[in-house]
Amino acid sequence: MKIKFLGTGFGAPYKNRHQQSILIEVGSTAYLFDAGAPVCDILSFAEYDMSKIKTVFISHLHGDHLNGLNDMINLAEFFNIRCDIFLSEQRGIEAFKSYTFMQLRRDSDRVDFKLINEGLFYDDGIIRVSAYQNDHMKGLPCYSFLIEAEDKRIYITNDLSPDLCDLPDISADLMMIEAAHFDAETVVSKCNTLDVKQVAFIHVMPPEKYEELKAQKADFEPLYPNDGEEYEI
Ligand SMILES: [Zn+2]
Ligand SMILES: [Zn+2]
């Protein structure tokens with residue numbers, strides 16, 4: 001599995017970090033996890049073949065995780081995109097359908113909107129994706145994702161609650177964890193209790209927290225990906 005960090009920033013774009021979007025490739029098939037802006041520009045500037053994107057998963061309805069999606073939908077024909085888009089709430093599906101209709105004057109025949117359900121909700125024979133509801137949106141759906149492919153497990157927390165009570169005792173080869181809603185010591189000591197080999201810190205706010213994260217004693221291999229970096233597991 002190849003992981004391309006397209007946007008590793010927190011809730012606002014800031015110095016070389018775009019809002020959250022992560023592309024995972026398994027063979028020649030690509031999956032997009034969150035679509036923060038300007039994901040379409042990032043992929044286009046890199047001359048990435050967007051027709052490889054089979055499915056998009058949106059963890060929750062906050063702008064920093066989905067503001068790049070309209071461009072993908074409205075330019076789907078131009079970039080030869082045909083994909084399913086999984087959203088965390090029905091109201092998000094209605095909003096995107098309505099926005100698409102406003103722009104195209106018709107429904108998109110390029111994308112299909114689907115609703116995420118808790119538990120294993122996606123299995124195309126290449127990857128399996130399970131959703132774990134967390135408390136970030138205080139009762140409204142917001143999901144962390146477990147991705148399984150090629151005998152590897154990746155966990156993406158997406159946004160969590162400040163007390164970290166919604167980070168389950170998962171095991172994973174790689175966990176991508178947000179570091180915006182708690183201090184460095186809290187998040188690293190929590191990660192130390194989990195069976196995870198590598199932990200990539202993303203969505204780090206404020207940016208100065210990177211230094212605090214690096215100063216902690218970690219029982220895992222810590223990663224601090226920048227926008228544009230690729231990892232293989
Ligand atoms: Zn966020
Ligand atoms: Zn959020």
Side-chain angles (χ1 to χ4, degrees), residues 1 3-11 19-24 26 31-36 39 55-66 69 84-90 92 114-124 127-149 152-184 186-205 213 220 222-225 231 233:
M1 259 188 292
I3 300 117
K4 295 175 188 282
F5 289 93
L6 307 178
T8 60
F10 56 91
Q19 296 175 345
Q20 185 163 324
S21 61
I22 294 154
L23 194 79
I24 293 183
V26 184
Y31 304 86
L32 186 65
F33 290 87
D34 282 341
V39 65
T55 313
V56 179
F57 303 90
I58 302 295
S59 62
H60 66 296
L61 301 185
H62 278 163
D64 55 319
H65 297 255
L66 53 68
L69 200 51
D84 287 333
I85 298 173
F86 280 85
L87 284 142
S88 54
E89 292 185 62
Q90 188 62 37
K114 298 183 174 175
L115 191 64
I116 294 171
N117 292 306
E118 239 188 318
L120 176 65
F121 69 95
Y122 185 86
D123 183 352
D124 65 353
I127 67 165
R128 290 153 49 92
V129 184
S130 302
Y132 292 70
Q133 184 159 348
N134 59 50
D135 292 337
H136 172 60
M137 289 179 75
K138 300 181 174 60
L140 289 172
C142 175
Y143 296 106
S144 305
F145 296 127
L146 174 66
I147 301 146
E148 298 168 279
K152 301 284 187 190
R153 291 160 61 89
I154 295 175
Y155 194 77
I156 309 181
T157 66
N158 302 311
D159 287 355
L160 296 168
S161 74
D163 61 8
L164 271 174
C165 68
D166 46 1
L167 181 56
D169 281 337
I170 48 99
S171 65
D173 296 281
L174 168 65
M175 179 168 70
M176 303 172 208
I177 189 166
E178 66 113 328
H181 296 97
F182 16 74
D183 62 44
T186 301
V187 66
V188 173
S189 57
K190 175 69 180 181
C191 292
N192 282 340
T193 69
L194 303 176
D195 179 20
V196 288
K197 291 180 189 151
Q198 294 179 308
V199 175
F201 294 97
I202 56 175
H203 215 280
V204 178
M205 182 180 79
L213 289 166
F220 49 83
L223 305 172
Y224 310 97
Y231 291 76
I233 65 162

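All values below were derived from every heavy atom in this structure, side-chain atoms included, with hydrogens, water molecules and symmetry-related copies excluded. Not measured: the values here are computed from a predicted model.
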Is the backbone N or O of [Y] less than 3.5 Å from a side-chain atom of [X], with the two atoms forming a donor-acceptor pair by type?
{"X": "Asp183", "Y": "Thr186", "value": "yes"}
{"X": "Ser144", "Y": "Thr157", "value": "yes"}
{"X": "Asp166", "Y": "Ser161", "value": "yes"}
{"X": "Gln19", "Y": "Gly11", "value": "yes"}

Ring-ring centroid check His65 His136, cutoff 6.0 Å: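 Centroid separation for His65 and His136: 6.0 Å or greater.
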Aromatic contact, Tyr132 with Phe145 (centres under 6.0 Å):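 No, the ring of Tyr132 stays outside the 6.0 Å limit from the ring of Phe145, centre to centre.
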Restricting to non-hydrogen atoms, name the atom on [X] and the atom on [Y] that form the minimum distance, rounded to 0.1 Å.
{"X": "Val129", "Y": "Leu120", "value": "O-CD1, 3.6 Å"}
{"X": "Ser21", "Y": "Gly36", "value": "CB-N, 3.9 Å"}
{"X": "Met1", "Y": "Ala149", "value": "CE-O, 3.3 Å"}

Drop me the distance from [X]'s [atom1] to [Y]'s [atom2], to the nearest 0.5 angstrom.
{"X": "Tyr224", "Y": "Leu213", "atom1": "OH", "atom2": "CG", "answer": "6.0 Å"}
{"X": "Phe10", "Y": "His203", "atom1": "CZ", "atom2": "NE2", "answer": "9.0 Å"}
{"X": "Phe33", "Y": "Ser59", "atom1": "CZ", "atom2": "OG", "answer": "10.5 Å"}
{"X": "Tyr143", "Y": "Ile58", "atom1": "OH", "atom2": "CD1", "answer": "13.5 Å"}
{"X": "Leu66", "Y": "Leu87", "atom1": "CG", "atom2": "CG", "answer": "7.5 Å"}
{"X": "Asn134", "Y": "Leu164", "atom1": "CG", "atom2": "CG", "answer": "10.5 Å"}

Quick one, [X] and [Y] - any side-chain contact, counting heavy atoms below 4.5 Å?
{"X": "Phe5", "Y": "Met176", "value": "yes"}
{"X": "Arg153", "Y": "Leu146", "value": "yes"}
{"X": "Leu61", "Y": "Ser88", "value": "yes"}
{"X": "Asp34", "Y": "Val39", "value": "no"}
{"X": "Gln133", "Y": "Cys142", "value": "no"}
{"X": "Val187", "Y": "Leu167", "value": "no"}
{"X": "Leu23", "Y": "Tyr31", "value": "no"}
{"X": "Ile154", "Y": "Met175", "value": "no"}

Donor-acceptor side-chain pairing of Asn192 and Ser189 below 3.5 angstrom: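 No.
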Audit row: Leu32, Ile22, side chain to side chain contact (heavy atoms under 4.5 Å, CB included) steps and yes/no: CA-CA 6 Å; Leu32 186 65; Ile22 294 154; over 6 Å; no
Test side chain to side chain contact (heavy atoms under 4.5 Å, CB included) applied to Leu140 and Glu89, step by step: CA-CA 8 Å; Leu140 289 172; Glu89 292 185 62; 4.2 Å; yes
CA sep, side-chain torsions, deciding dist, call: Asp173, Gln198, side chain to side chain contact (heavy atoms under 4.5 Å, CB included): CA-CA 6 Å; Asp173 296 281; Gln198 294 179 308; over 6 Å; no
Mutual orientation of the aromatic rings belonging to Phe57 and Tyr122 [parallel < 30°, tilted 30-60°, perpendicular > 60°]: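 Ring orientation, 0 to 90° scale: perpendicular.
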Test side chain to side chain contact (heavy atoms under 4.5 Å, CB included) applied to Phe220 and Val188, step by step: CA-CA 9 Å; Phe220 49 83; Val188 173; 4.1 Å; yes
Sole candidate of Asn158, Asp159, Thr8, Asp64 that passes side chain to side chain donor-acceptor pair (under 3.5 Å) when paired with Gln20: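 Only one of Asn158, Asp159, Thr8, Asp64 forms a side chain to side chain donor-acceptor pair (under 3.5 Å) with Gln20, namely Asn158.
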